[in-house]
Structures are given as C-alpha cells and as structure tokens.
Amino acid sequence: MIHHVCDRAGFLASLDKGDPERRIAEEHAQACGVCREALDEGRRLMARVAEALEYPPPSPDVLARTAAAIEREASDDQDTQRRLEWASASGVVVAWAFQLMVGSGWAIDVGRAAVSLGVLALAVACATLLRSRGRLAIGLVIATSAILAYAAGHPAALDAHIGIRCTFRELWAAAITWTIVTVVARRLEIKLGRWNMMAVAGGGALAAHAGQHLACEVPHADGHLLLFHFGGVLLAVLLAAAGTRATSTVSAES
Amino acid sequence: MMPRRRNDAHPTGPAAAAPIATEERLMARYATGDQLAFQQLFAMLAPRIHAFFMRSFSDEVTIADDLMQLTFLRIHRTRGSYRPDRPLKPWVFTIAAAVRRDELRQRYRLPPHVGEAELEQTQSGSGPIPDLPSGIGYDLTDEADAVREAIRRLPETQRMVVHLHRYEEMTFEQIAEVLGTTPGAVRVRASRAYERLREELRPRLQRRVSP
C-alpha cells in the first residue's frame, strides 16, 4: 500500500531527523519522485522560516523601564519581608512572655535565665531568618526542645494533670505566634507555605518551652519535660502542618 | 535589516547559542535574591519574550512591550516556585503564555476559565487577520519579508506553535505544556501551519533551475 506524504511535507520536514514519522516519510520518498520533491520543498520552507523568525530586540528604553520595574518590586519585597520578620520575631517573643505571665513555680537564676534567653533567640531565628528554609528550622526547633527537655530534667514523679496544662500553654503560645504572623502576612499579601507556617508555630512553641524553663509548676521532672514540654512543641508543629493543609484545601476548593 | 541565520532545516533559535545550564543556574541564583543574576537573565530572556509577544500580537510593539514587562513581573513574583532541576525555558514561556492568554481573553471578552481550544475556535470565527498598522508593512519582494508576512497571516494559535517550535526549539510536548493543551493538538496545529505556509510560499520554494 502506498502512503504518499506530499500533503504533509512541510510538517514532516519540520520534525527532527530521528522522528519515526519523518524517517518513514524519507524512506518512502526515496522511491517516489513526487513525494521526494514535496519533502525538498518542505526543507526549503524550514530554511526560509528559520531566516524569517528573527525579531529585532526591544528598544533600550523599554528594557530599562522593565528592569527598573522589577528592581522597584524587588526593593518593595525586601521591605515587606523585613516587616514580616519583625512580626514573626514579635510573635515568638510574645509567646515567651505569655508563658511567663501564665506560669508559676518560678525558678529564676542566672544560668536558667541565660538558657531560656538563648533558646528564645534560637526560636526567633527559626521563625524569621530560617523560615524560608522550613525543614531546617523545624529540625532545629525539635532538636533544641528535645535537648532542653533531656538536659534540664531529673527523675521525679509524673503529674499528668499539670503536664497537660503545660502542653496546652505551649499550644496556646504557638497559636499566638501563628495568628500574629498569619494576620500580618495576609495584610502584606504574602503567601506562606506549609513548611514556613510549621517553622513559625514551632518557633512559638519552642519560645514557650524556653519560658517554661523559668516558670513551670513541675520543674526538672524528666518524664514531665520530655512528655509534656517537648511533646507540646512536637504537637504544635504537627497541628500547624495539619492546619496549613486544611487551609490550602479549603482555598483550593473555593 | 534583521540578521540572517544559518540555512538548514533544523531549529536555529537563540537557545541553540545559549548555554542552557547557565540559564537554570542564573534562575536559581535569582530566586535566592541575587540581583546580578537577574540582570544577566533579563538580558538573555527579554528579547525572546518580546519576540514571543510580537509574534502573537502581529507586531504590535506597544502591546509586546507592556506584556513583556508584565511577564517579568510575574516571573519575579513566582521565582520561588522555580525548581532548578527543571529546564527554565518551558517554565518561563508557560508564564508568558498565561499573560498572552489573559490579553486574548480580554480582547475577545471571554471568561477567565477559557483555554487554548476555545481561543482557537474564537480566533477562527473572528474573520481575516488585519493588515499591519501603516508604516510597518513588509516589502514582499524581499524573500524573508514575504515569509514573515505569510507567518503573520496564520491564525494566532498556529503562529505561536511555529514560533515556539522553530524559534525557541521546543518539542511538541514542551509546547503543549506551555500552552496548556495536548501534544496531539500541538502537532495538528503545526501540521496545518506548515502546510499553509508551504501552499502560500510555493512559488518561492520552487527549485531554481540554472539556465
């Protein structure tokens, strides 16, 4: 059966040399003069099209105007990011202060205060500077909380009732940070991803953990610290992940 | 006059000369806030994006200028979503194609959900391609200008496929990804466009016989 290719020769000549359709057409053209001439015509068409497609570049004025518009926007972006970072840092510090306000069983000395402030600084960094590297920030938050709980504890009884209260305080603190950052980001029209929001909530919870280092009703109990303080940070991160996923699902559906 | 390119049947667009890996690296650096990378990338991409809109909107320079600026603003705003392990060209032209679609929807007063297939239908029912604005006309005695005019007279959706295929050297799969349609639909458009060009330019394509 003969498959002439004359009526598609332009298209066939536009295909890569290795394209099966073109190979079949060229094999056929070897034995068919009409199709061979049509394919030659197609190749000449491709050469003419290649010559004709070039456009002169846009004028230097237009290029300068466009580049200036992008640079202006980039500079606005930096301002916006700075404002969001301030909001995130404030949110984390508020979470720490909230913990001191609602806490009891004060145990303040220079060493404890230094550890608490150091962990607070790390929580601020995780929610601001490291927010764009969400996974690293979350890893740091979880590792710091675990180390703090492990290093500060000693064997003692586990009071479940008070422990749950500690966890809830951390969750509240994380919610405060999360809300502050979400509201400010919305006002600044910045869309934060899931990992970013997990880092923010984790930063808030870690700040609360640092606050509880100074004001916890069951200080230094190993099981209590690991289960309720570290567990609170972990839970805050997981809830932020679930919350962000639920929010994006709702917005995608609406 | 515009520069001439080498004369073979293979794609000869600017991507052939540009080291592709450099574009991706520059974009990755730009996404992290490197201004110098932006300037280099801008110098590479601006003429190509401008040419894309010039082709789409039949040499309307002001429209091409505005849409190029809009495309770069969108690239800037979405630069965080670029994945450096993916080729840059389809990513950039997907954004440019979305800007083009928005402009076409506005022109034809179409709703925002309308895609390529509906645009093609709308364009085919909108009458002949208008002449160029006065003063921009092509000299049809010039070989390349005659080809340019024949390309300009193609329906816009076919013109874009020819541009992305021959000038940007994209595969039909990449063009389909950029335009938000299927590779099959792109092949059909390309086939129609090349056959129409061959038909229109046939007298100029005849083999010249030496006396």
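Naming: A, B, ... by sequence-line order, numbering from 1 per chain.
With sequence neighbours excluded, the residues that form a side-chain hydrogen bond (donor to acceptor under 3.5 Å, both in side chains) with A:Ser116 are A:Trp96. The ring pair (Phe, Tyr, Trp, His ring centres under 6.0 Å) test applied to B:His50 returns no partner, not counting sequence neighbours.
With contacts defined as side-chain heavy-atom distances shorter than 4.5 Å, the pair B:Ile175/B:His165 qualifies.
Looking at A:Asp61, neither its backbone nor its side chain comes within 4.5 Å of chain B, counting heavy atoms on both sides. Neither the backbone nor the side chain of B:Glu199 comes within less than 4.5 Å of any heavy atom in chain A. With a 4.5 angstrom heavy-atom cutoff, B:Phe52 does not touch chain A via any of its atoms. Of the atoms belonging to B:Phe72, heavy atoms from both backbone and side chain fall under 4.5 Å from chain A. Neither the backbone nor the side chain of B:Arg74 comes within contact range of chain A, judged by heavy atoms closer than 4.5 Å.
Judged purely by atom type and a 3.5 angstrom limit, B:Gln174 has no side-chain atom pairing as donor or acceptor with the backbone of B:Pro90.
Of the listed residues (B:Thr171, B:Ile151, B:Val147, B:Leu201), the one with the most heavy-atom contacts under 4.5 Å to chain A is B:Val147. Most heavy-atom pairs under 4.5 Å with chain A, from the set B:Arg192, B:Arg77, B:His163: that is B:Arg77. Counting heavy-atom pairs closer than 4.5 Å to chain B, the top-ranked of the candidates A:Pro58, A:Pro57, A:Ala38, A:Ser59 is A:Pro58.
Residue A:Asp19 holds its CG atom at 9.0 Å from CD1 of A:Ile24, rounded to the nearest 0.5 Å.
Side chain to side chain, B:Thr182 and B:Arg187 fail the donor-acceptor criterion of an N or O pair below 3.5 Å.
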